[in-house]
Amino acid sequence: MTAPIMLQHFVGGRWATGAGEPLRSVSPARPDVVVAEGVASTVSDVDAAVTAAAEAGRRWARTPMHQRGAVLTAAAAVVEQHADEWGLELAVEEGKTRAEGVGEVRRAAQVLRYYGAEADRESGELYASPRAGEQILVTRRPVGVVGVITPFNFPIAIPAWKIAPALVHGNTVVWKPAGTVPLLAMRLAQALESAGLPAGVLNLVHGDGEVGSAIVEHPGVEAISFTGSTAVGRAIAATAAARGVPVQAEMGGKNAAVVLDDADFDLAVEQVMLGAFRSTGQKCTATSRLILTRGIADRFLEAVADRARTLVVGDPADDRTEMGPVISEAARQRITAALAALDGTVVAGGAPYTDDLRARGYFVAPTVVEVTGPAAVWTDELFGPVLAVRRANDAEQALALAADSEYGLSAAVFTQDLTRALDVVAHLDVGVLHINSETAGADPHVPFGGSRSSGLGPREQGRAARDFYTHTTTVYLRGGRAGA
Ligand code: UN1
């Protein structure tokens, strides 16, 4: 990529420049490289987008679901075709490695394909009636205009998994991606446009909090799907509740991996490393806490620290790189400040880089910290490559430590003991649980989301997405002749 891409929003089927504040995305590995540049949308652009979405919704809701799905399937093919090119752009704009970027673009295609086939699945329910000659049907209608607000860390996969179910269920969308990743947002909108999505069905606006608030507060927006921080998610939920519209908010995590004495050592090391440092730890599902039982702790901590020290950190476009930068200077400063105030023992990383590329880019070293008691690094989501470790005397104590968090998104437990694993399944309050695999990852056909400070409203993906993006009508259906 050489010259910056011109940033445009997409409203009512037309690409145009906004009239708001200047907006540009830079490469976090090389902040002097401008990726996309232009002008943010304004509150009146949001208004135009909502109007366009409401108008387009009248026809879109009446379009057969199979036809709506066919557009998503066609868009999946476009996304797939561009996987290498857009994957590299993603790596440059967001900072995850090129392999992860390409993987994410393919995942967006997979999500679009999954919802492309939604019309082939059952779309309502049929119940018996206690009355003669009657059946009870539960049918589904679109909610209407949906506001979608997405984070930087999965610039195309998360938008796909919010937008695809919204569209296939007959809704129209006004979407604001994070201001740091507008290029990949444009790519997804272009794919849907070239797949034949009618004008106004998807509207893309750019900007930061003000544009997001304009969507959330707009009286024409009838549901909101958000992924981001717990603080912003709760503020959005409060506004939406006051307006009486449903919210789906996927928020923070402080996810634990528990490695018990009987775990497969190599498998657990590999998975903990992936969970903690892939995407530079910038996933709500990342492993940010590690709990080790006594018999395995010394050896395991040493192995993880060794791997962290030797991880190849650098330019995400370079195929040898295993971990790229964090998203912004503000993120780097926030994480570095937390590390400076640290109340634990640093066993790997922790110090700023001094070489040219990594001092100028937004790099943070993969860091492993051991703590023995209450500590901010144990409780607060840092959203970066920092793993806080605690030791436990036995499995019981280890699992109690795993539960010791205000968050409830994901967890991983490494053990060979099926009885123990089943006990965890029954009692650990998390939305996503991995037995013998890393804490991150999500498939499009199964529910995704967390409890307590991690999530509000219905889960995402699969059948759960249908519940959020539709209203039901319970139909008492009887023949029209007396006694029939
Ligand atoms: C994953 O674990 O692959 O923002 C997906 C996030 C989550 C998605 C995680 N909503 O990181």
Side-chain angles (χ1 to χ4, degrees), residues 87 90 94-97 99-111 114 148-165 175-178 180-181 184-185 188 212 224-234 236 247-257 271-289 324 326-327 331 381-386 407-412 430-434 437-462 464-465 468:
L90 197 164
E94 195 271 350
K96 64 180 68 172
T97 64
E100 286 181 68
V102 173
E104 185 187 331
V105 175
R106 295 228 159 90
R107 183 171 176 183
Q110 179 202 10
V111 169
Y114 171 80
V148 169
I149 299 177
T150 55
F152 76 83
N153 63 334
F154 285 94
I156 192 163
I158 289 181
W161 86 45
K162 290 180 186 293
I163 292 168
W175 168 33
K176 189 200 85 65
T180 40
V181 288
L184 264 288
L188 180 60
I224 295 150
S225 183
F226 165 83
T227 294
S229 71
T230 300
V232 175
R234 288 197 168 154
I236 288 177
V247 175
Q248 177 183 59
E250 288 307 328
M251 308 183 290
K254 192 73 192 180
N255 313 297
Q271 294 293 307
V272 166
M273 288 300 297
L274 294 176
F277 301 118
R278 228 171 8 186
S279 292
T280 322
Q282 299 175 113
K283 296 183 188 179
C284 59
T285 46
T287 305
S288 49
R289 297 187 297 144
V326 296
I327 187 68
E381 184 181 45
L382 289 179
F383 222 66
V386 181
Y407 295 106
L409 184 54
S410 72
V430 287
V432 179
L433 176 61
H434 291 261
S437 58
E438 60 144 317
T439 54
D443 284 321
H445 61 303
V446 290
F448 177 85
S451 56
R452 293 172 282 129
S453 293
S454 293
L456 270 175
R459 298 285 195 246
E460 301 184 287
Q461 311 247 46
F468 181 68

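In listed order, ligands and their atoms are each counted from 1. Treat the numbers as computed from the prediction; the structure is a model and nothing was measured. In this chain, residues are counted from 1 in sequence order.
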Practice item. Considering the heavy atoms of Thr227, write down every atom of ligand 1 situated less than 4.0 Å from one of them. Key: 4 (O), 10 (N)
Point to revise | Close approach of Glu460 to ligand 1, heavy atoms, under 4.0 angstrom | key: no
Point to revise | Spacing of His434 atom NE2 and Thr287 atom OG1 [to the nearest 0.5 Å] | key: 8.5 Å
Revision key, fill the gap. Here the atoms of ligand 1 under 4.0 Å from any heavy atom belonging to Ala440 are 2 (O)
Review point. If you measure from each heavy atom of Trp161 to ligand 1, is any distance below 4.0 Å?
Key: yes
Exercise for review: Taking only heavy atoms of Asn153 into account, list the atoms of ligand 1 that are under 4.0 Å away from them.
Suggested key: 4 (O), 6 (C), 11 (O)
Point to revise | Test item: side-chain donor near acceptor, Thr97 and Arg278, under 3.5 Å | key: no
Review point. With backbone taken as N, CA, C and O and side chain as the heavy atoms from C-beta onward, which portion of Arg107 lies under 4.0 Å from ligand 1: side chain, backbone, both, or neither?
Key: side chain
Practice item. If you have a sec, work out which protein heavy atom is nearest atom 9 (C) of ligand 1 and how many Å separate them, to one decimal? Key: Thr285 OG1, 3.5 Å
Review point. In Å, rounded to the nearest 0.5 Å, how long is the span from CG of Asn255 to CD of Glu438?
Key: 10.5 Å
Revision key, fill the gap. Under 4.0 Å between heavy atoms, the region of Lys283 that gets near ligand 1 turns out to be both
Practice item. Answer yes or no: does an N/O atom from Gly441 fall short of 3.5 Å to an N/O atom of ligand 1? Key: yes
Check your understanding: Do the non-hydrogen side-chain atoms of Glu94 and Asn153 ever get within less than 4.5 Å of each other?
Key -> yes
**Study point:** Polar side chain donor-acceptor pair, Ser225 to Gln248, under 3.5 angstrom
**Key:** yes
**Study point:** Heavy-atom check, side chain of Tyr407 versus side chain of Thr230, under 4.5 Å
**Key:** yes
Point to revise | Phe468 and Glu460, any side-chain heavy atoms less than 4.5 Å apart | key: no
Check your understanding: Just distances here: any N/O of Cys284 and N/O of ligand 1 closer than 3.5 Å?
Key -> yes
